[in-house]
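Have a look at the structure below before the remarks.
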Protein chains: 2
Amino acid sequence: MVAKLEQVRDEFITEWGALGSAWGVNRTMAQIHAYLMSCPEAQTTDEIMESLEISRGNAHSNIKELISWGMIKKVLKKGERKEFFLAEKDPWKIFCLVAKERKKREVEPIIGILNNCIADLKGVKGKEADDFQKQLKDLTEFVEMGDRVMEKISRSEKNILFKWLLKIL
Amino acid sequence: MVAKLEQVRDEFITEWGALGSAWGVNRTMAQIHAYLMSCPEAQTTDEIMESLEISRGNAHSNIKELISWGMIKKVLKKGERKEFFLAEKDPWKIFCLVAKERKKREVEPIIGILNNCIADLKGVKGKEADDFQKQLKDLTEFVEMGDRVMEKISRSEKNILFKWLLKIL
DNA sequence: CTGAAGTTTCAGAAAATACTGAAAATAACG
DNA sequence: CGTTATTTTCAGTATTTTCTGAAACTTCAG
């Protein structure tokens, strides 16, 4: 019966990994997070390597990345020299962490770029330039709104988020 | 002064393309959309190829993909044999289209998979299996909520969305 | 029909991305 | 210290993804 558990775990890991790659997240990174979400206890690098059949280097770099996103935490156990890793398991928290990270990495930079483009177009005459500038302004307005929403989300508690969603639905 | 316009256009295209690849959208696909957003008039495949310096095959397949997402439309002009392409320019509509597409491609399948995993774990005894099943249920609940939100978004008009966001902010 | 204009397909090439494995570095223990 | 366990790095390799370019196909005007 334990075999069944492992089988389901592997299925979950595989699918979560595929989902990750659709979201611009490294497949292995998503798989490690999936594996750790499936474990009540913190796991070592070796256990991760064995479960996913990946090399130490690969495991290591993706664990580091997950830590930098705040998706997993390093746990030290007394009497043990190895490091153990524990996943953030609350879907709401995971969502907030991802929103925060993507806001920083993707949304903020694009706002700067759009504003540069708009500034550079000042003084360029003609209908085409005017239309393009209008388009850039519309996009900027939208992205800035998205930015504010993500900011709010990444600072919010689960129950606040939940209330918003209930209003929407 | 037209040179300046082209320069800004290229910058915008480049950056929007980079943003796209972070979102799991093919870079060229995002660039073509960016180019068409910068043009008041519909453009031909050849104009797209020239502006982005890409091959016909590449242009063609990404144009097809953009059409299937609903992000651009084919326009036929009388007296012209060539096909012209026009971008959806409203950021809100673009957002809704992307939400709709990703819901279909990513969110819906994962719900099925999670439910399978939960069903397969029925009957597996032990704390580890129980904990894992609980985790899967939490994830499912969350993803299903996300699914409903995306459904709602993809059906909504701009002003409805706007109202929600004002409430949140 | 015929042929020019335009579109579609796809095998192979190129580029981008991710992974391995082993060596170097670090930390803990006696 | 010296030894051993563990983590970190990274050059080279493998894999995945994307792109090219040319041939096949379609459409349309004469």
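If you're wondering where the values come from, they're calculated on a predicted model, not measured in any experiment. Labels below follow one simple rule: chain letters A, B, ... track the order of the sequence lines, proteins then strands, and each chain is numbered from 1.
Proximity of a side-chain donor or acceptor of B:R148 to a complementary backbone N or O of A:L169 within less than 3.5 Å is not detected. Remark: the backbone N or O of B:F85 is not paired with any side-chain donor or acceptor of B:Q43 at under 3.5 angstrom. No donor-acceptor pair under 3.5 Å is formed between the side chain of B:E88 and the backbone N or O of B:G70.
The side chain of B:T45 lies closest to C:dT7, out of D:dT7, C:dT7, C:dC19. Here the nucleotide nearest the side chain of B:H60, chosen from C:dT20, C:dT8, D:dT8, is C:dT8. You'll find that the side chain of A:N62 is closest to C:dC19, out of C:dT7, D:dT20, C:dC19.
Atom CZ in B:R81 sits roughly 13 Å away from atom P in C:dT8 (whole-Å rounding). Here C:dC19 presents its P atom at 9 Å from CD1 of A:I32, a figure rounded to the nearest Å. Atoms CE (A:M49) and P (D:dA5) sit 16 Å apart, rounded to a whole Å. Here the P atom of nucleotide C:dG6 and the CZ atom of B:F84 are 9 Å apart, to the nearest Å. Look at CD on B:E65: it is 13 Å from P on C:dT9, rounded to the nearest Å. Atom NZ in A:K77 sits roughly 14 Å away from atom P in D:dT6 (whole-Å rounding). Straight-line distance from the CG atom of B:N26 to the P atom of D:dT18: 5 Å, rounded to whole Å. Distance, B:R27 CZ to D:dT17 C1': 11 Å, rounded to whole Å.
For C:dT8, its base never sits under 3.5 Å from the side chain of B:R56 at any donor and acceptor pair.
Mapping B:G57 and A:E83 onto DNA chain D via the closest heavy atom, the residue that lands nearer the 5' end is A:E83. Annotation: of the two residues near DNA chain D, A:S21 and A:N58, the 5′-most nearest-nucleotide partner is A:N58.
Residues B:C39 and B:K89 share a closest heavy-atom pair of O-NZ, 3.0 Å.
Side-chain N/O atoms of A:K82 include none lying less than 4.0 angstrom from OP1 or OP2 on C:dA28. Not one side-chain nitrogen or oxygen of A:K64 sits closer than 4.0 Å to the OP1 or OP2 atom of D:dT7.
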* To do: Just do the side chain to side chain donor-acceptor pair (under 3.5 Å) check on B:T44 and B:E47 with the steps written out, would you?
  => CA-CA 5 Å; B:T44 63; B:E47 285 164 328; 3.3 Å; yes
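Using a 4.0 Å heavy-atom cutoff across all strands shown, B:T28 reaches sugar-phosphate atoms only and no base atom.
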